[in-house]
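Small disclaimer: the values here were computed from a predicted structure and weren't measured.
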Amino acid sequence: MKKTGHIASFLGGALTALALAACLTTALAASGKVSYNFANVTVEGTRKITAGQDIVAANGQKIPGTILYTDAAGGKTNYLPIRTISELLGVEVGYDSASKTIQLGKQPAAAPETKPASGVPMNAKLGDKALIVSRGGTLLPDSDPKSYRGPEKLFIDKNGERRAEWKVGNEETICDLPAKEKLLATLVNGDYPKNSKGESYGNILLSEYVGYWPDLTHMAEYPPEGRPEGYIRDSELQKGGDALQGLSEEACPHEYTIPLYDAEGNVIGEYKGACGGHLDTSGMTMEEVKEAVKNAGQ
């Protein structure tokens, strides 16, 4: 019958240091006096090892049943072969050669090897999910093949754009950008700063690192137009460009203006946008025009 409940009291007495007897002789003899088979050993009043007698190991060889080590101060410590202890107390014993670990008691079952779902990359590049959520991002299922772009796991940012998880908060994302340190210095704890209205503002070159586009996008000064440094709103830029879509070259003004703001969202000037050019549709059928427009948008 196993007596695993007595392990603590048994090991808490004289037999406190467990080790393999065959490995102890050299180490112990180097610093003190070693005696073999000095003590009797009993378990719950029944003698199991007799002083003066060897015991037989699993390989049939005789080894000391006990070892007594006396240190330089006269202190005594008794040692037993660990396999003997396991047999006396009914405790499983094993040895992991890879990690050089003696294992007492039942070991937890190894976690089953898991494989990614079909279509999911084996070594997917994941990111800091908690950071992504804190920046307003929406996580996509790791098990969904559609949540990946190549090996990159994607998420949806607060603006509805799909981005790679691993890039958020990872300086490798911006390692090749000019003036990297200057750009990073514009952030607050890795995020875009906010104005008094709660709007974010900053450089879109940092959007992959931050995890979303700022509400106010930084624009450098442009002396040829007398434009000062400021910020624009992407929604207004998009609206201005959309207004020119589909116009003929003759009807299109080719340029449009939107407000230029300071970091607080106050208008300080104008930003000039331009159309994206025009298709020459002369001699084309309506179907050919539609196809050309479709291809131009890709």
Side-chain angles (χ1 to χ4, degrees), residues 114 116-117 120-223 225 227-241 257-273:
T114 58
V120 173
M122 287 290 293
N123 300 307
K125 298 183 72 171
L126 307 178
D128 187 334
K129 297 183 185 302
L131 179 60
I132 290 169
V133 172
S134 72
R135 302 272 171 84
T138 300
L139 301 177
L140 299 173
D142 290 348
S143 59
D144 184 358
K146 296 179 181 179
S147 297
Y148 295 85
R149 180 175 57 213
E152 296 181 332
K153 176 64 176 19
L154 304 178
F155 73 98
I156 301 176
D157 72 9
K158 63 190 296 183
N159 308 120
E161 299 286 337
R162 286 186 171 238
R163 297 182 181 274
E165 283 189 358
W166 72 271
K167 294 183 178 182
V168 181
N170 190 337
E171 288 196 18
E172 290 183 23
T173 304
I174 54 178
C175 63
D176 294 330
L177 292 180
K180 169 186 171 181
E181 297 304 323
K182 185 177 180 180
L183 283 172
L184 284 174
T186 65
L187 300 178
V188 178
N189 296 323
D191 197 356
Y192 288 121
K194 308 291 192 301
N195 60 26
S196 61
K197 303 172 186 175
E199 297 175 311
S200 57
Y201 59 93
N203 199 307
I204 59 171
L205 293 178
L206 295 170
S207 62
E208 296 285 4
Y209 175 78
V210 174
Y212 63 90
W213 283 64
D215 297 314
L216 293 164
T217 301
H218 178 262
M219 303 301 297
E221 66 176 346
Y222 190 55
E225 294 180 358
R227 189 186 76 204
E229 179 180 14
Y231 300 85
I232 60 173
R233 298 185 188 278
D234 183 65
S235 59
E236 294 175 341
L237 182 68
Q238 184 70 38
K239 184 177 179 180
T257 60
I258 59 174
L260 184 72
Y261 303 91
D262 63 14
E264 279 296 313
N266 301 309
V267 178
I268 59 173
E270 289 184 338
Y271 171 84
K272 287 184 180 181

Evaluation steps, side chain to side chain contact (heavy atoms under 4.5 Å, CB included), between S200 and D215 | CA-CA 5 Å; S200 57; D215 297 314; 3.2 Å; yes

Over 12 non-hydrogen atoms of neighbours within 6.0 angstrom of NZ in K158 | yes

Please check if the distance between the ring centroids of Y222 and Y271 is under 6.0 Å.
-> no

Atom CH2 of W166 and atom CG of D128: how far apart are they, to the nearest 0.5 Å?
-> 14.0 Å

Is any side-chain N of the basic residue among R163 and E152 closer than 4.0 Å to the acidic one's carboxylate O?
-> no

Decide yes or no for E264 and S196: does some side-chain heavy atom of the first lie under 4.5 Å from some side-chain heavy atom of the second?
-> yes

May I ask you to test the L184-I174 pair for a side-chain heavy-atom distance under 4.5 Å?
-> yes

Approximate separation, where rounding is to 0.5 Å, of S207 OG and E161 CD | 9.0 Å

Distance col, row E165:CD vs N170:CG, nearest 0.5 angstrom, shows 12.5 Å

Show me the donor-acceptor pairs, under 3.5 Å and distance only, between side chains in residues 130-143 and residues at least two apart or in other chains.
| unit_1 | atom_1 | unit_2 | atom_2 | d |
| --- | --- | --- | --- | --- |
| S134 | OG | L131 | O | 2.6 |
| R135 | NH1 | G190 | O | 3.4 |
| R135 | NH1 | V210 | O | 2.8 |
| R135 | NH2 | G190 | O | 3.4 |
| D142 | OD1 | K129 | NZ | 3.1 |
| D142 | OD1 | K153 | NZ | 3.1 |

Within a strict 4.5 Å, meaning less than it, do heavy atoms of the Y212 and D191 side chains meet?
-> yes

When the aromatic ring centroids of Y231 and Y261 are compared, is their separation below 6.0 Å?
-> no

What pair of heavy atoms forms the shortest contact from P259 to V267, and how long is it?
-> CB-CG2, 4.2 Å

Tell me, do V168 and T173 make a side-chain contact under 4.5 Å, heavy atoms counted?
-> no

State, with a plain yes or no, whether a side-chain heavy atom of M219 is found less than 4.5 Å away from one of R227.
-> yes

CG on D234 to CG on L216, rounded to 0.5 Å = 11.0 Å

Would you say K146 has more than 12 foreign heavy atoms packed within less than 6.0 Å of its NZ?
-> no

Minimum side-chain heavy-atom gap E270-I258 below 4.5 Å = no

If we only count heavy atoms from C-beta on, is the K167 to E172 side-chain gap below 4.5 Å?
-> no

What are the two closest heavy atoms between T217 and I204, and how far apart are they?
-> CG2-CG2, 3.2 Å

Would you please test L154 and Y148 for side chain to side chain contact (heavy atoms under 4.5 Å, CB included) and show each step?
-> CA-CA 6 Å; L154 304 178; Y148 295 85; 5.7 Å; no

Heavy-atom donor-acceptor pair, N203 side chain to H218 backbone, under 3.5 Å | no

What is the minimum heavy-atom distance between P121 and G150, and which atoms define it?
-> CG-O, 3.7 Å

Would you give the length of the straight line joining atom CZ of R162 to atom CZ of F155, rounded to the nearest 0.5 angstrom?
-> 11.5 Å

Taking all heavy atoms of P193 and all of V188, pick out the closest pair and write down the distance.
-> CB-CG2, 3.9 Å

Distance from E229 atom CD to D262 atom CG, nearest 0.5 Å?
-> 11.0 Å

Go through V120 and D144 one step at a time and tell me if the side chain to side chain contact (heavy atoms under 4.5 Å, CB included) criterion holds.
-> CA-CA 7 Å; V120 173; D144 184 358; over 6 Å; no

Got K239 and E236 here, is their nearest side-chain heavy-atom distance under 4.5 Å?
-> no

Taking atom CG of N266 as the centre, report whether more than 12 heavy atoms of other residues, nucleotides or ligands fall under 6.0 Å from it.
-> yes

